[in-house]
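Have a look at the structure below, then the notes.
Order of the sequence lines sets the chain letters (A, B, ...), proteins ahead of strands, with each chain counted from 1. Note that this is a predicted model, so its numbers are computed, not measured.
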Amino acid sequence: MPEGHTLHRLARTLNRTFGSHVVESSSPQGRFTAGAALVDGTRFGRAQAWGKHLLVGVEGSQDMVHVHLGLYGKFAVTKVDDLPVVGQVRWRLTRPGAVADLRGPTACELLAPPAVDILLDRLGPDPLRKDADPDRAWRRIHASRAPIATLLMDQAVIAGIGNVYRAELLFRHGVDPALPGRGLDEATWAAMWDDIVELMKIGVSKGRILTVRPEDSRGPAGRARRGRGGESYVYRRTDLPCLVCGTPVAGSVLGGRNLFWCPTCQHRR
DNA sequence: GCTGTATGCAGAT
DNA sequence: TCTGCCTACAGCG
């Protein structure tokens, strides 16, 4: 699930797996040949996540490898000595005992320092980073007429939230997705920020998006959606009863992305 | 086996 | 607002 928690978990896994090791690096698919060659035979640099972006340092170079998984990219780390190449592997990292295969990313490229700065400058605060400043996000939200649902998905406002966390966060705080940013109360925002920090930390540790409070997951109104992605109040539960009030969950498309909410529970400002 | 769909985003229109 | 990227899986027959 490539929302922010996936990238932070991935950075952790890569650092634990390859940290301090000299790695072999290649691009079996052939679309990252030069970048992979630069990394090949070097000691693995530290991997760091910023929102949905992953940056990996390269020993002996100022450049960094930038990876963005997009909608269906996957970076699979397997504890084996050898693994046949299956499908289109953009980037493969190996050391004795471990293989990491990157497939289907939106971006896998070398970035020079100025390009890294440009990338990071256009990201809002990331709830999973200790240095994140929620006031930066608040100032953008408070000044905007755009719907809060749109703002939460804007990586320049907050970095790392995706469609699942957006839907679930709005539900957990009873906020109408259509509410303009400027209509949101500061106290509500403060509570939402604290909540998303905790929810995404759970996402990192469990490797899944879990947002349903235990007391709601087996309520009389229905069952939380359970899937590969986790468990949800409203995400992908269109027409199923709201876990809290029983009203059928609503679904629509906003800015080309699916949106889910409970018309009864979500009226807060 | 085929079809539809997806947690994202850039670039064209 | 629409299209393309490029992968995996659920659901269907």
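- If you check dT7(B), dC9(B), dA8(C) against the side chain of Arg103(A), the one that comes closest is dA8(C).
- For the contact set between residues 250-258 of chain A and DNA chain B, defined by any heavy atom under 4.0 Å, the members are Arg257(A), Asn258(A).
- When each of Asn163(A) and Arg122(A) is assigned the nucleotide of DNA chain B bearing its nearest heavy atom, the one mapping closer to the 5' terminus is Asn163(A).
- Taking the P atom of each, dA10(B) and dA8(C) are spaced 23 Å apart, rounded to whole Å.
- Distances shorter than 4.0 Å separate some side-chain N or O of Lys52(A) from OP1 or OP2 on dG8(B).
- Although no hydrogens or angles enter the test, the distance criterion places a donor-acceptor pair under 3.5 Å between the side chain of Gln266(A) and the main chain of Val175(A).
- Val56(A) places none of its side-chain heavy atoms less than 4.5 Å from the side chain of Val39(A).
- Distance from the side chain of Gln155(A) is smallest for dC9(B) among the nucleotides dA8(C), dT7(C), dC9(B).
- In this structure, the nucleotide among dT5(B), dC5(C), dC9(B) sitting nearest to the side chain of Arg236(A) is dT5(B).
- The residue Arg9(A) sits apart from the nucleic acid: no heavy atom pair falls under 4.0 Å.
- Within the structure, a side-chain polar atom (N or O) of His68(A) is placed less than 4.0 Å from OP1 or OP2 of dC9(B).
- For Leu152(A) against Met192(A), the heavy-atom pair with the smallest separation is CD1-CE, 4.1 Å.
- Applying the salt bridge (charged side-chain N to carboxylate O under 4.0 Å, His left out) test to residues at least two apart or on different chains, the pairs with a partner in residues 164-188 of chain A are Arg172(A)-Asp195(A).
- Side-chain contact between Tyr165(A) and His5(A) is present, with heavy atoms from C-beta onward closer than 4.5 Å.
- Nearest nucleotide to the Pro2(A) side chain, out of dT7(B), dA10(B), dG8(B): dT7(B).
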Mind running side-chain contact (heavy atoms from CB on, under 4.5 Å) on Arg92(A) and Val99(A) for me, showing each step along the way?
CA-CA 7 Å; Arg92(A) 167 171 278 201; Val99(A) 178; 3.6 Å; yes
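- Distance, Arg166(A) CZ to dC9(B) C1': 14 Å, rounded to whole Å.
- Between Tyr72(A) and the phosphate of dC5(C), there is no side-chain N or O to OP1/OP2 separation shorter than 4.0 Å.
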